[in-house]
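In what follows, a structure is listed as structure tokens, so that the remarks can point back to it.
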Amino acid sequence: MSQFLGFAIPGIPYGCTYAIVAVGLVLTYQATGVFNFAFGAQAYTSAFVFTKLVQNDGMPVWLAFVLSVVVLAPILGLALDRFLFRKIPNTNTTAKLVTGISLFVGIPSLLPVLFGSQSQFNAPSILFNPNIVYFRLAGTPVNGIYLSSAVVTAAVLVAVVVLMRTTNLGLQMRGAVESRRLVQLDGVIAGKVVATAWAVSSLLAGLAGVLLAPIYGQLQAQDYAALLVAAFAAAAWASLRSMPIAAVVGILMGVASTLLQGYLPPDSTLSAAVLPSLPFIVLFGALLLVPGMRRLDDTKDPLASVDPPAPPTTATLRAPQLSKIIRRLWYLLLGAFIVSMLTWIPPTWENVFNEGLALSTIFLSIILITGMGGQLSLAQATLAGVGAFTAAQLANHLGLNLLVGALVGAALAAAVAVLLAVVSLRLKGLGLALMTIAAALFFDNSIFSLPSVSNGQTQTLRQRWIGLGVFNPNGHALFVLEILVLIIAVVGVLLVRKGTIGRFLTAMRGSEVAAAGLGINLTWQRVLIFALSGVVAGIGGTVLVIQQQAVNTALFNYEFSLVFVVIVVTTGVSTIEGAIQAGISFVVIQQLLTFLPARFGGNSLTIVLFAAGALTYAAHPEGILEYNKRRWTMRFERLLFAGSSDPPSREPAQMAGAGGGTTHHPVTGTTVDTVMVEPLAGHDPGSTR
Amino acid sequence: MSGVVGASGMGGGGAGSPLLSVQNVSKSFGGIAAVSQISFSVSAGESVGLVGPNGAGKTTLFNCICGQLRPEHGSVLLNGETITGLPVHRRSRLGIGRTYQRVEVFADMTVAEHLLVAERARRGDGRLWRDLCNLSAPRAEELAKVGAVLELVGISDQADIPVSSLGLGSCRLVELARALAAEPVLLLADEPSSGLDVTETRELATVLRTLQRERGMAVLLVEHDLAMVGAVVDRTIVMDLGSLVAEGTFEEVMADPAVRDAYLGVSA
């Protein structure tokens, strides 16, 4: 028994940290309707500023605490509400998720840009001294860290439960989360109530961040991200409703991890595989077994129908004459690009563009699954990694050419994607996002990290694996390979989009109920689009490692999955050119920023820029780039056709080429009834384009 | 009127056996019985009205027939075969078409595309190799059929308009046309006149009657516009609080004190 307690008690502080963050997630969800992916980033921000003020600027701990937690954290929360989340309709789960993910990847990248990349060490404790053993419990010493986390967890839990269950403010918060517009009709100032909720939940994030800081020797954003993911599991078991359950599950997870650590043989494969994956296994379990997680995205707002429909894409609005011009310009641009790459572009930039082409192929998989399939997957880098590692291993062990391996890798990535689709058949929106991120983390910690998969961290590719005498990474052959792969992938995606499957997917995005009612097998379509997306991601992953001439676990970790989504959402997830623009612009901006001072260079500022772009998703679900393209197209059209007696006719959508394309299409400037809103009730612009 | 819309799927039902048979179907939500022990049948080519006040359980019953809800008790049979365990898409391919109380359209599609999708879904199309070989462009016969159904419903002038630009009334007609494009043997129409003006409602009633008489399509109609129900149906079933309270011709049930009680709260 004493051995059991000896293993269990050290898990309590970790469990308490999971519990605090899980309670914070539930509070935010209950009070604002947002599953706050940014919670960990907010906690890290307060901890970063707190530690910097104390360690670097010599500020007293209490003053640093007041500034970083009591002042900064609520201000950050209020800003998030005022400038971002308030603009998102209650029912638009995708926009809330994308905004949260943008903050998740953007804030930790912004801090080094603002404050420099100097690491912060040994954060001070705000309550009890971590170096003092206050008492012993079943023989286990309880120091200040144990005591701080237990006391704060209990206090936080009591405070938020009392707030939500017994106060008028809590009641109004719960009402506002269902329908902000409806409680306004009852005389409640909903904006103020939700802003208060954001301030309170952000205060909690700041408190959690500062409290947890002393546990980590060095303050790193990754630790807070990992903590957040573990807290997802606890919050999921509570169906994002019950704070006490979230707290209990969080503490149990902490205890279970130290128990397993104690009882499993050290350095064993089982220990290496199970321990890091515990939170993801718990999250998997919640998503599969807790019925409440399947109903999260059911429309609750009775006034959802007042939300306007998502705007159409530029391509559907353009006049045919202009479309023709633009199509020719695209071909011209492609030709000029190919000729330039083969003639005068210097090797450094050729390498940059090659990386962009490989990323574009991976990003096409996001267009497939999110733009066409309406499903938000946060595991696309993982699927790319499955393809890449498979090809690399086949090359390593069997001497198989990487291009042949790419096909096997693509098949395996498709199989993983299908498995993911099958286990998450009953999930959508937030539930599916969590399931895919859990899968990504599982692969990061338990599959990609295995020596037999990744040979440690990096595996350098040998040229003969890429060989065939034609495709070697020297000269322009790599470019030829990458552009060919991308063109084939683009043509494939285009054919699927304009084919029957594309039409079925469009129908499903519009209304799953009606699509099934027509005879469309939703399950099959969903599995199919996951599989196709896996194939494209897998091939893209292999092409990327051929370009990099090495396969590295860091290329395909879950953070990249999130960054990928943020990048593609910025350029436009509903169009194929969105993927190409995303791939090319990401690497070009990254390369251009290397000319700036070191703290602005590299990934950080690039990610910040794209995260800022993705933050506009709520206002422009078609992508900020796509939105501006539409504006400029309309302006250009007005100039181009000014003075013409007839307004330019529009492209008859999708039916063109089938003999039915002669009708003039009055999308703009004509009178076709009034704009309808009710049929789009509950329609999620993010997931439907 | 075009002659392209006709009954398909499992056929029109054999003589003597009903096309649709609902047997002791019950469904409750959180202990509240939305539908309780409901039994009735619809013959091939018959038009049946399902009326009752709000909350009577009509849409829940529709959902049990279509497969969107699984009844706790009872069974649903189409042409004598039980379909209670089949998923929604399989029931649809057997010939059950549906329109919805809250309009369910595909926001990113034109009107004509709605019908094209319905036609292909009915056939179980959607093979990946066909798409990848660029063999999925709309065929002439598909377009002719789409055009005929649009003509029938009276919205052929809106064929290439994105549905997101249409008004509520037009969307109702798109829903109806989409359901008809799948050539159902049984059409479940859930408040199809909601959002339509008097003229449109009258035209809709004519379309439904024509389809039923000329094409042998059975119609199960949920409708609050009792004048429309009277104009369309052969027989009327009245539900209240999840139970069946009356059945007979429209005139008979309207004269029934139980029906008046259900609608008005008192027997008049």
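Residue numbering restarts at 1 for every chain, and letters A, B, ... go by the order of the sequence lines.
Considering CG of Asp131(B) and CG of Leu532(A), their distance stands at 9.5 Å, rounded to 0.5 Å. The CZ atom of Arg127(B) lies 9.5 Å from the OG1 atom of Thr500(A); values are rounded to the nearest 0.5 Å. Note that CE of Met508(A) is 10.5 Å distant from CZ of Phe106(B), once rounded to the nearest 0.5 Å.
Looking at Arg120(B), both its backbone and its side chain come within 4.5 Å of chain A, counting heavy atoms on both sides. Residue Ile96(B) touches chain A through its backbone alone, counting heavy-atom pairs closer than 4.5 Å.
Inter-residue side-chain proximity for Arg503(A) and Pro138(B) is flagged as met; some heavy-atom pair is nearer than 4.5 Å.
For Glu223(B), there are no salt bridge (Lys or Arg N to Asp or Glu O under 4.0 Å) partners two or more places apart in sequence or in a different chain. Judged as a salt bridge (Lys or Arg N to Asp or Glu O under 4.0 Å), and not counting sequence neighbours, Arg426(A) has no contacts.
Annotation: residues 487-495 of chain A contacts chain B through Gly492(A), Leu495(A) [non-hydrogen atoms, separation under 4.5 Å]. Listed in order of number, the residues of residues 512-519 of chain A that approach chain B to under 4.5 Å between heavy atoms are Val513(A), Ala514(A), Ala515(A), Ala516(A), Gly517(A), Leu518(A), Gly519(A).
Taking Thr99(B), Val117(B), Leu135(B) one by one and counting their heavy-atom pairs under 4.5 Å with chain A, the maximum is reached by Val117(B).
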